[in-house]
Amino acid sequence: MFRRTVFGLPTASLVILGVCAAPALAEPPAPPSTTTALSELAALTVAVPHGMDGYARDKFDIWSTQPDGCATRQDVLARDGKNVQDQPGSCQPASGSWYSAYDDTTVTVVADATIDHMVPLAEAWRSGADTWTATSAKPSATTSKTPSS
């Protein structure tokens, strides 16, 4: 309850995060029509992937501290879970439940609640992150914004 006690209403937490992130959807959006999908795929430019030379996960500050003092992972767990209770005096969730629409499972053990990057870091590296500065790489790996925000 630390985060909620310090900042009051849950909506205040969104302001402090500095995002207008919508809550995670219980269901993924419906796929586009076949015609739309084929048209959008045809419009993509496919580049030659970059190599993995120099890749290391630690070049991306993956769970950095957010403006509310909590790690990105803790904020995402609080945002996306139900009945999330933090450990006393901490941002670390102690309990709650997290539903995954991708495999239709709900977990209630915090350690079992996984959070993945929308684009895996190694794929980002092969797709051009190898040319980014350290300043550029940090926000791409730590944003808690939903893809549409």
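Residues: numbered from 1 along the sequence shown.
Judged by distance alone, the side chain of Trp98 and the main-chain N or O of Leu77 form a donor-acceptor pair under 3.5 Å. Side chain of Ser127 to backbone of Glu123: a donor-acceptor contact under 3.5 angstrom is found.
Heavy atoms from other residues, nucleotides or ligands lying under 6.0 Å from CG of Asn83 number 12 at most.
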Checklist entry - Could you walk me through whether Val110 and Gln92 pass the side chain to side chain contact (heavy atoms under 4.5 Å, CB included) check? => result CA-CA 9 Å; Val110 178; Gln92 179 60 34; 3.6 Å; yes
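For the side-chain contact (heavy atoms from CB on, under 4.5 Å) criterion with Pro93, the lone passing option out of Gln74, Gln87, Arg73 is Gln74.
Taking CD from Gln66 and OG1 from Thr72, the interatomic distance works out to 3.5 Å, rounded to the nearest 0.5 Å. In this structure, the separation between CG on Asp86 and SG on Cys70 is 7.0 Å, given to the nearest 0.5 Å.
Minimum heavy-atom separation, Pro32 to Ala37: CG-CB, 4.1 Å. In terms of heavy-atom proximity, Ser97 sits nearest to Thr108 at CB-CG2, 3.9 Å.
Residues Asp80 and Tyr99 bring no donor and acceptor atom of their side chains to less than 3.5 Å of each other. Side-chain polar atoms of Asp103 and Ser100 form a donor-acceptor pair below 3.5 angstrom. A donor and an acceptor atom, one from each side chain of Gln85 and Ser95, are nowhere located under 3.5 Å apart. In summary, the side chains of Ser33 and Thr36 do present a donor paired with an acceptor at a separation below 3.5 Å, with no hydrogens or angles considered.
By the 30° and 60° cut-offs, the orientation of the rings of Phe60 relative to Tyr55 is tilted.
The closest side-chain heavy-atom distance from Trp125 to Lys59 is below 4.5 Å.
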